[in-house]
Amino acid sequence: MNPDFKLNYDLMKDNAESDSSDAIVDPTTDLYPSASNTRTLCLAWPDGRRMFLNYAYLISGEYSTEANTITLIFTTHNVVIRGNKLKELFEAFTLQIPQRIVEADPRYEVIDYELFHTIAQILVEKF
């Protein structure tokens, strides 16, 4: 077979690759072509620190009314959330609804606890 022989498929493939070259690509970062539907839980603290954990690795959760805590056990981390009125938040965790949990800054604590839950503390322990 002649080494210069090219199929139309090869030409189409070459043209498709050249069309995407107009995009600016950072050589130090690999990106997925689009966003996914993976559900993650993002934890945020008042000092600006953030962490996310994938719901796929959530093994179990426990709500304690006596201690006002929710304990979430992931395969790599143990998360303890302390606060007030956490029952509805726990129910939302069973459906993997919460996307971001923010620890309240003690300076801005909500005075009226009747309407919303408050997150007083988020503790994360790595196994």
Enquirer: Locate the shortest heavy-atom distance separating Ile59 from Thr75; write the atom from each residue and the value.
Expert: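 What the structure gives for the nearest pair is CD1-CG2, 3.6 Å.
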Enquirer: Quick one: pull up CH2 in Trp45 and CD1 in Ile119 and give me the separation to the nearest 0.5 Å.
Expert: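 So the gap between those two atoms works out to 12.0 Å.
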Enquirer: Report the distance from atom CG of Leu89 to atom CG of Asn84, rounding to the nearest 0.5 Å.
Expert: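 One gets 12.0 Å once the value is rounded to the nearest 0.5 Å.
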Enquirer: Using 0.5 Å steps for rounding, measure from the OG1 atom of Thr40 to the CD atom of Gln96.
Expert: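 It comes to 10.5 Å.
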Enquirer: Of the non-hydrogen atoms in Ala92 and Pro98, which two are nearest, and what is the gap between them?
Expert: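 Smallest interatomic distance, heavy atoms only, reads O-CD, 3.3 Å.
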Enquirer: Between Gly61 and Phe90, which heavy-atom pair has the shortest distance, and what is it?
Expert: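 Where Gly61 meets Phe90 most closely, the heavy atoms are C-CE1, 3.7 Å.
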Enquirer: Show the nearest heavy-atom pair for residues Met51 and Leu53, with the distance to one decimal.
Expert: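 Closest approach of Met51 to Leu53, heavy atoms only: CE-CD2, 4.0 Å.
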Enquirer: With side chains defined as the heavy atoms from C-beta onward, is the minimum distance between Glu125 and Val80 less than 4.5 Å?
Expert: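 Not in contact.
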Enquirer: To the closest 0.5 Å, what do you measure between CZ (Phe93) and CG (Leu72)?
Expert: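 Those atoms lie 5.0 Å apart.
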Enquirer: Please name the pair of heavy atoms, one in Ile101 and one in Ile81, separated by the smallest distance, quoted to 0.1 Å.
Expert: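 Here Ile101 and Ile81 meet closest at CG2-CD1, 4.5 Å.
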Enquirer: So, for Asn54 and Arg39, which heavy atoms are closest and what is the spacing to 0.1 Å?
Expert: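 So the minimum-distance heavy-atom pair works out to OD1-O, 3.2 Å.
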Enquirer: Can you hop from Leu43 to Ile73 via hydrophobic side chains spaced under 4.5 Å?
Expert: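 Unlinked, Leu43 and Ile73 end up in two clusters.
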Enquirer: Out of curiosity, Tyr57 OH to His77 NE2, how far, rounded to the nearest 0.5 Å?
Expert: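 Here the interatomic distance stands at 13.0 Å.
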Enquirer: Give, for atom CG of Asp105 and atom CG of Asp47, the distance between the pair rounded to the nearest 0.5 Å.
Expert: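 Here the interatomic distance stands at 9.5 Å.
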Enquirer: For a 4.5 angstrom cut-off between non-hydrogen side-chain atoms, does Leu86 reach Thr69?
Expert: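 Of all side-chain heavy-atom pairs linking Thr69 with Leu86, none is under 4.5 Å.
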Enquirer: Give a yes or no on whether the backbone of Ile122 and the side-chain of Glu103 come within a donor-acceptor separation of less than 3.5 Å.
Expert: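 The answer is yes, because a donor-acceptor pair under 3.5 Å joins these two groups.
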